[in-house]
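Data first, discussion second: the structure below is written as structure tokens.
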Amino acid sequence: MRKTSLIMLGAFLGAGTSMVATQTEFLSGPRAVAASAETYRQLSLFGDVFEKVRTDYVEKPDESKMIEAAVNGMLTSLDPHSSYMDAKAFRDMQTTTRGEFGGLGIEVTMEDGLIKVVTPIDDTPASKAGLLANDVITQIDDDQVQGLTLNQAVDKMRGPVNSQVKLKITRKESKDPIEVTLTRDTIKIKPVRSKIEGADVGYIRLTQFNEQSFDGMRAAIEKLTSEIGNDKIKGFVLDLRNNPGGLLDQAVMISDAFLDRGEIVSTRGRNPDETQRFSAKSGDLTKGKPIVVLVNGGSASASEIVAGALQDHKRATIMGTRSFGKGSVQSIIPLGGSGALRLTTARYYTPSGRSIQAKGIEPDVEVLQDVPDELKGKDETKGEAGLKGHLKQKDTDERGGSSAYVPPDPAKDKQLISAVDFLHGVQKGAANGTQAPQPKPSLPN
């Protein structure tokens, strides 16, 4: 029997997930039946326990929740990335990877139990209604926000396009609460931001790998090249810091954007015939300009695929701190109307054949940020190696997490400053293998 499934490469950090259509072969035949017979005899223990709890527990339990908890417990016992997603969680995952939903166009966070606006997204209902950063949302459709989780508040603000939602907000500059009624619209998450650094360096920040990522990055490269001038541009900084992952096909396409040939990544499952290889096609969007890729402890999964491919091909200089180290692949198998199964089915390998599982990508040039005293010790990620039950590697030294701190003020961002300085010090083609002056690693005070 064959069944359609999806492949995930999202980091355990949360936001990013990767999906591409694939086919998963399920065991059939005498050998599978023989193995199943013994397994199902052992499963009678689960039936006995379930029946005892159902009939004798002090209060009547929710049987569907009991079964869901049992399934999820079985999956989470395998590794940190295998799990069961109910129907809602599955829909949310699809929304994240699609990068498009019906909503208001505001980034929000929870602070001291309150829902605070981080920033309204340009040209969305929120920005048109005049919402500002640091506005506090107190009511959504006359329902108090106090006591809701961040996800619950977000769910209330999202909804069908052209439907309306009423918000009550408080603002420091205003004595009285402000009420606004907004009409939901199609919101596209923009995963790519770009700007010019130092007059002649193109900076591209990639926050996640969703369906909009490659098109956004291609547009950013074209825009920066046009604004600076192809003969004047020194190179590009690709910022993958704190990017937790995303769609596998986008990771491959973005890697391919800087390469003319060669393997980008391979995935290898338990059976040798499940190996898949992804290779670059001819055509470098930057026309061979030097590249610096910034990574840190929050760069995981699809981010590590891009960094690993460009590092192995000596196409870019990797700068920053060691990446997260998530080198496994998850297949998402839809279960009808009951959600989906997220199961680790393979490991991925960089072009040179190395697995970064529980090890991460080591930067070519390590650059440490100056971390504020109040954040010291809190800026380090556990990394894959710090997750309970993670996949082990034989004969490989595991490495823990590294700093994931990025200063909010670009003037204090040592990693970005070092990247721009590096590009100013290299000649055309130096990122492809020519030795170039390397800055001394910056150390925190």
Side-chain angles (χ1 to χ4, degrees), residues 6 8 10 14-21 85-110 115-133 135 137 139-143 145 148-169 178-194 204-223 243-251 253-254 302 332 334 337 339-340:
L6 303 170
M8 302 270 298
T17 50
S18 310
M19 300 191 305
V20 291
M85 293 184 289
D86 61 21
K88 182 181 181 305
F90 188 30
R91 288 195 303 271
D92 289 345
M93 184 211 69
Q94 291 171 312
T95 296
T96 299
T97 56
R98 192 166 56 246
E100 186 174 304
F101 56 88
L104 306 179
I106 46 176
E107 295 181 22
V108 294
T109 187
M110 176 166 280
I115 304 300
K116 180 178 285 189
V117 176
V118 176
T119 182
I121 300 172
D122 292 342
D123 198 29
T124 63
S127 64
K128 292 175 182 177
L131 268 66
L132 302 175
D135 282 349
I137 300 173
Q139 289 185 13
I140 303 174
D141 283 335
D142 298 322
D143 294 330
V145 172
L148 296 180
T149 65
L150 182 61
N151 286 338
Q152 288 171 334
V154 169
D155 286 343
K156 281 182 170 291
M157 287 186 281
R158 287 184 179 178
V161 173
N162 294 324
S163 63
Q164 290 190 328
V165 59
K166 184 170 65 175
L167 301 181
K168 180 179 284 188
I169 64 175
I178 301 170
E179 291 191 4
V180 291
T181 299
L182 301 92
T183 301
R184 296 181 178 96
D185 199 354
T186 300
I187 307 301
K188 291 187 177 181
I189 301 173
K190 296 181 180 179
V192 179
R193 299 170 185 171
S194 63
I204 301 173
R205 167 82 176 122
L206 185 59
T207 58
Q208 59 178 283
F209 291 78
N210 66 24
E211 292 178 6
Q212 323 295 330
S213 296
F214 174 74
D215 288 340
M217 194 196 67
R218 177 171 56 188
I221 291 174
E222 292 174 354
K223 181 173 181 290
N243 182 325
L247 296 170
L248 174 61
D249 65 338
Q250 294 290 313
M253 292 165 70
I254 287 171
I332 299 297

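All residue numbers refer to positions in the sequence shown, counting from 1.
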Exam field: side chain [X] to backbone [Y], donor-acceptor pair closer than 3.5 Å:
X      : Y      : result
Asp86  : Gly339 : no
Ser213 : Gln208 : yes
Gln250 : Leu247 : no

Say you draw a straight line from [atom1] of [X] to [atom2] of [Y]; how long is it, rounded to the nearest 0.5 Å?
X      : Y      : atom1 : atom2 : answer
Glu211 : Glu100 : CD    : CD    : 8.5 Å
Ile332 : Gln94  : CD1   : CD    : 9.5 Å
Lys188 : Arg98  : NZ    : CZ    : 12.0 Å
Ser194 : Arg205 : OG    : CZ    : 13.0 Å

Could you tell me whether the side chain of [Y] reaches within less than 4.5 Å of the side chain of [X], counting heavy atoms only?
X      : Y      : result
Asp92  : Met85  : no
Thr96  : Asn210 : no
Val192 : Ile204 : yes
Thr183 : Ser163 : no
Ile189 : Phe101 : yes
Pro191 : Phe209 : no
Ile121 : Ser127 : no
Pro125 : Ile187 : yes

Minimum heavy-atom distance between [X] and [Y], given as atom pair plus value:
X      : Y      : answer
Leu104 : Leu182 : CD2-CB, 3.9 Å
Val108 : Val117 : CG1-CA, 4.3 Å
Lys190 : Thr207 : O-OG1, 4.3 Å
Val145 : Ile140 : CG2-CG1, 3.7 Å
Leu131 : Ile106 : CD2-CG2, 4.1 Å
Pro120 : Ala133 : CD-N, 4.1 Å

Problem set entry | For Glu222, all residues meeting side chain to side chain donor-acceptor pair (under 3.5 Å), sequence neighbours excluded |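 Glu222 satisfies side chain to side chain donor-acceptor pair (under 3.5 Å) with no other residue.
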Exercise. Going by the salt bridge (charged side-chain N to carboxylate O under 4.0 Å, His left out) test, which pairs reach into residues 178-187, not counting sequence neighbours?
Worked result: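 Pairs touching residues 178-187 that pass the test: Lys168-Glu179.
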For this session: Start with the C-alpha gap between Asp135 and Lys116, add the side-chain angles, then the distance that decides, and say whether salt bridge (Lys or Arg N to Asp or Glu O under 4.0 Å) holds.
Result: CA-CA 6 Å; Asp135 282 349; Lys116 180 178 285 189; over 6 Å; no
Under 3.5 Å, which donor-acceptor pairs link side chains of residues 153-161 to any protein atom two or more places apart or in another chain?
residue : atom : partner : partner atom : Å
Asp155  : OD2  : Lys88   : NZ           : 2.9
Lys156  : NZ   : Asp143  : OD2          : 3.3

